[in-house]
Amino acid sequence: MALINEHYLKLKRNYLFADIAKKVNAFKATHPKADVISLGIGDVTQPLCPAVVEAMHKAVDEMSRKETFRGYGPEQGYLFLREAIVKNDFLPRGIHIDPSEVYVNDGAKSDTGNIGELVRWDNSFGVTDPVYPVYVDSNVMCGRAGTFDGEKWSNVTYLPCTEANGFVPAIPDHRVDMIYLCYPNNPTGTVISRDELRKWVNYALKNDTLILYDAAYEAFIQDPDIPHSIYEIKGARKVAIEFHSYSKTAGFTGVRCGYTVIPKELTAASMDGSQRYPLGEMWLRRQSTKFNGTSYISQRAAEAIYTPEGKAQVKETIDYYMGNARMMREALTALGLKVYGGENAPYLWVKTPGGTPGWKFFEQMLYGAQVVCTPGVGFGPSGEGFVRLTSFGDRDDCAEALRRIGEWMAK
Ligand SMILES: *Cc1c(COP(=O)(O)O)cnc(C)c1O
């Protein structure tokens, strides 16, 4: 008899976006003629840029000929891509990462969800609140999160990100073994300054804490003073793993490619504390056993992002989304709403008027304006009283959604 992993039973049965889809479908069933616009989705809408498409076609052609066909690639990723990453994402910022410290993956969700395998199940960990659900749920699955009381998990340190602290969490007053940080942040769309990030690195150095830094949205940063990588901070190589993704940067949500950086100096301790082991070597061992690499075609596609044409084209798409974000910020602010984020990230974190609960506001806006948002409380208890809007839609849809929200709010 196969016995199940009982930790799975503790998970909330539905993923947040399944709950939203259910409510939207219920609305559509009773309003078949309504044209619903979603500002709730976390997926991108603009197609791959020409440089990427061309590289993919070329890679497919190579696969079609015996002389240039590629089978299994290196588990860590092709060197051509790891070198392009080092040269373009790190060197220009004065960060020295060796290609051997870069692990190409099939997206940041896999790696942020799997990285916890490298450390004992009973490590303590902290997350910002609200938070990208993957960090919590992947720890629930191995028993690290404890039990759920209807709002919080018993073994998780929650770091509230609120209006009062500018959505930058306070350093915990006790030590934790691991901490997940994501900047620019999903869902709040806010960023962390160099000084604030330095506090986290110093906390980690002092407490021997492992920082898991999700930089999936770094390409959306507009302000030149905001750090793109935690390795811009001195000492971070000893304490931080960093995750990158081409999903939002270059529309790779369906192509699947990203990478993780694990510096050579990054180690974790044996049970009795007498030995330290490099996590990079363990991760390579893990990947070699459970992952056979990202497809050659996807890696060539990712490489093309770093060509001069690729860079210009990717920037154009990011500018398009950030143009949506600016338009949304301005229109919603003019309607008297309090709007955060949307300046260095594709997400806007909007305070519901008059303290309306998030799910209630979601329904009101769906029925009143046929516009879908994401209730902030779905990302954690401190998200209550906010909704997340994304700028990943078409410009025309965004404009129409804003027009309808304006009309609805004027009523
Ligand atoms: C979208 C997203 C990712 C990227 O996921 P992929 O698996 O690379 O598509 C990672 N982290 C956060 C916070 C995200 O929102």
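Atoms within each ligand, like the ligands themselves, are counted from 1 in listed order.
- Contact between Asp214 and ligand 1 is present, with at least one heavy atom of the residue lying under 4.0 Å from the ligand.
- Ranking the protein heavy atoms by distance from atom 9 (O) of ligand 1 puts Ser247 OG, 2.6 Å first.
- Side chain of Thr352 to main chain of Gly385: a donor-acceptor pair is present (N/O by atom type, distance under 3.5 Å, no hydrogens or angles).
- Distance alone, capped at 3.5 Å, places no donor-acceptor pair between the Asp106 side chain and the Thr294 backbone.
- Scanning all protein heavy atoms for the shortest distance to atom 7 (O) of ligand 1 gives Arg256 NH2, 2.7 Å.
- A cation-pi arrangement is found for Lys23 relative to Trp359, the charged atom lying closer than 6.0 Å to the ring centre and inside a 45° cone about the ring normal.
- Each of the following atoms of ligand 1 lies closer than 4.0 Å to a heavy atom of Ser245: 4 (C), 6 (P), 8 (O).
- In this structure, Arg403 contributes its side chain and Cys398 its backbone to no donor-acceptor pair below 3.5 Å.
- The cationic atom of Arg300 (NZ for Lys, CZ for Arg) lies less than 6.0 Å from the six-membered ring centre of Phe80 and within 45° of the ring axis.
- Among protein heavy atoms, the minimum distance from atom 15 (O) of ligand 1 is reached at Tyr217 OH, 2.6 Å.
- With Tyr158 as the aromatic partner, Lys152 meets the cation-pi criteria of under 6.0 angstrom to the ring centre and within 45 degrees of the ring axis.
- The nearest heavy-atom contact from the protein to atom 3 (C) of ligand 1 is Lys248 NZ, 3.5 Å.
- At a heavy-atom distance under 4.0 Å, only side-chain atoms of Cys182, from C-beta outward, approach ligand 1.
- For ligand 1, the polar-atom distance check against Ala108 finds a nitrogen or oxygen pair separated by under 3.5 Å.
- Counting protein heavy atoms only, atom 5 (O) of ligand 1 is closest to Lys109 N, 3.7 Å.
- For the pair Arg198 and Tyr203, the cation-pi test (distance below 6.0 Å, angle within 45°) is failed.
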